Amino acid sequence: MNADMGAWFEGREDVGREAWNRLKPVGGLAMALLFFGCWAVVAMIVMVIPYTREIFNHFEDHKVEAAILVGATFVVARSLAQVQVFWHRAHVPEGLVGVQTALFEPQGYEIVGGDDHTDSSNDSMAPSWLSRPVRTLLFRPVSGDRSITVFAYPAGSEVGDRGDAARVTLLIFGARVRLVGFAADQSGSDASPARPAAKYYERGEYLLVPDAADSAQSSF
C-alpha cells in the first residue's frame, strides 16, 4: 500500500455543485421523445387551422413550410429541455459535497465507472469494454463511518491497456473521505463484507454515493 493511503480529503460544497452542474438530465432518447411530443402538439394545432391544414393535405406543394414547422418544433423542444436543465441545476440535493477524484491519483488509483463502451479500434470479434475516469466523488456527510466499494485502475494507465479494474474501498466519515484499500483479492473473491454499490451518472464524469437514509435517486 502507498504511504499516502491514510490521507483524508475534505468534501466541499463548491466542488459538489460544480460536478452537479455538469449533469445533463435530457439525453438523446429523452430529447427525441420530447421532440415527438412537441411535434404531436404542433400537428394538432396545424390541423385545426384551415390555412395551415393545407400543409399536410398537400404536402408536395408545401415542403418549405413543413421544413419550417419541423425546425420550429425542434427549437421549442430544445428550449423546454434547457428549462429542465436549469431547474435541475438549481436543485442540488441538500448537503451534497464533492471531492475531486484526481486527489486519489497520488495513492496509485484512478477511480472509474459509467458508460462502458466498445472499442471501435478493436478488430477482434470480442467487444472491448472500457471505463471512463470519474471526475468527482459526490456524497452526503454522515455522522459515522460508511464504506463503499468502487472500481479503480492504476493511476496513469492507458485506456484499452489497463487490464481488470480493482475493487477498492472508500471510507466516508462526516464530510471527509479516504481510500482505505482493496475490497477483493487477486482471485476476485470478496475479502471484506458486502457493501452498497456506487451509482454512476453522466458517463462517468462523477460518482454519486447515496447515503443510507435517502438514496437521492428521485432527484434524477
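Note that this is a predicted model, so its numbers are computed, not measured.
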| message | Students often mix this up, so state it plainly: with edges at 30° and 60°, are the rings of H88 and W20 parallel, tilted or perpendicular? | response | parallel

| field | Distance (rounded to the nearest 0.5 Å) between L171 CG and L179 CG | value | 10.0 Å

| field | Worked verdict on L80 versus C38 for side-chain contact (heavy atoms from CB on, under 4.5 Å) | value | CA-CA 10 Å; L80 291 175; C38 291; 3.7 Å; yes

| Okay, side chain of W39, backbone of L69: is any donor-acceptor separation there less than 3.5 Å? | no

| request: Report the distance from atom CD1 of I148 to atom CZ of F139, rounding to the nearest 0.5 Å. | output: 11.0 Å

| task | Search all heavy atoms of I111 against all heavy atoms of L170 and return the closest pair with its distance. | result | CD1-CD1, 4.2 Å

| said: Using the rule that Ile, Leu, Val, Met, Phe, Trp and Tyr join whenever any side-chain heavy atoms are under 4.5 Å apart, tell me whether I49 and V41 fall into a single cluster. | reply: yes

| query | Can you find a heavy atom in the side chain of L96 that is under 4.5 Å from one in the side chain of L208? | reply | yes

| Taking all non-hydrogen atoms of both residues, which atom of V112 and which atom of V134 are closest, and how far apart? | C-CG2, 3.5 Å

| Taking the side chain as C-beta and beyond, is there a heavy-atom pair between V70 and F35 under 4.5 Å? | yes

| Are any side-chain N or O atoms of R140 and backbone N or O atoms of E94, one a donor and one an acceptor, separated by less than 3.5 Å? | yes

| request: Assess whether side-chain contact (heavy atoms from CB on, under 4.5 Å) is satisfied between R167 and F151, documenting all intermediate values. | output: CA-CA 5 Å; R167 293 177 63 214; F151 289 94; 3.2 Å; yes

| Heavy-atom pair of closest approach, residues A152 and V168 | CB-CG2, 3.9 Å

| request: Can you see which heavy atom on L34 is nearest to which on A81, and at what distance? | output: CD2-N, 3.8 Å

| said: Treating R89 as the side-chain partner and N21 as the backbone partner, does any N or O pair qualify as donor plus acceptor under 3.5 Å? | reply: yes

| query | If two hydrophobic side chains count as joined below 4.5 Å and joins carry through other members, does V83 share a cluster with F36? | reply | no

| message | Whether the side chain of T136 engages the backbone of A19 through a donor-acceptor N/O pair (distance < 3.5 Å, no angle test) should be reported. | response | no

| For A155 against E105, the heavy-atom pair lying closest together | CB-O, 3.6 Å

| message | Show, in sequence, the C-alpha distance, side-chain angles and deciding distance for V15 and V99, and conclude whether the side-chain contact (heavy atoms from CB on, under 4.5 Å) test is met. | response | CA-CA 6 Å; V15 174; V99 169; 5.8 Å; no

| Short question: side chain of T101, backbone of R135 - any donor-acceptor pair under 3.5 Å? | yes

| query | Between CH2 of W8 and CD1 of I172, what distance do you get to the nearest 0.5 Å? | reply | 9.0 Å

| remark: What one should report as the nearest heavy-atom pair of F74 and M31 is CE1-CE, 4.2 Å

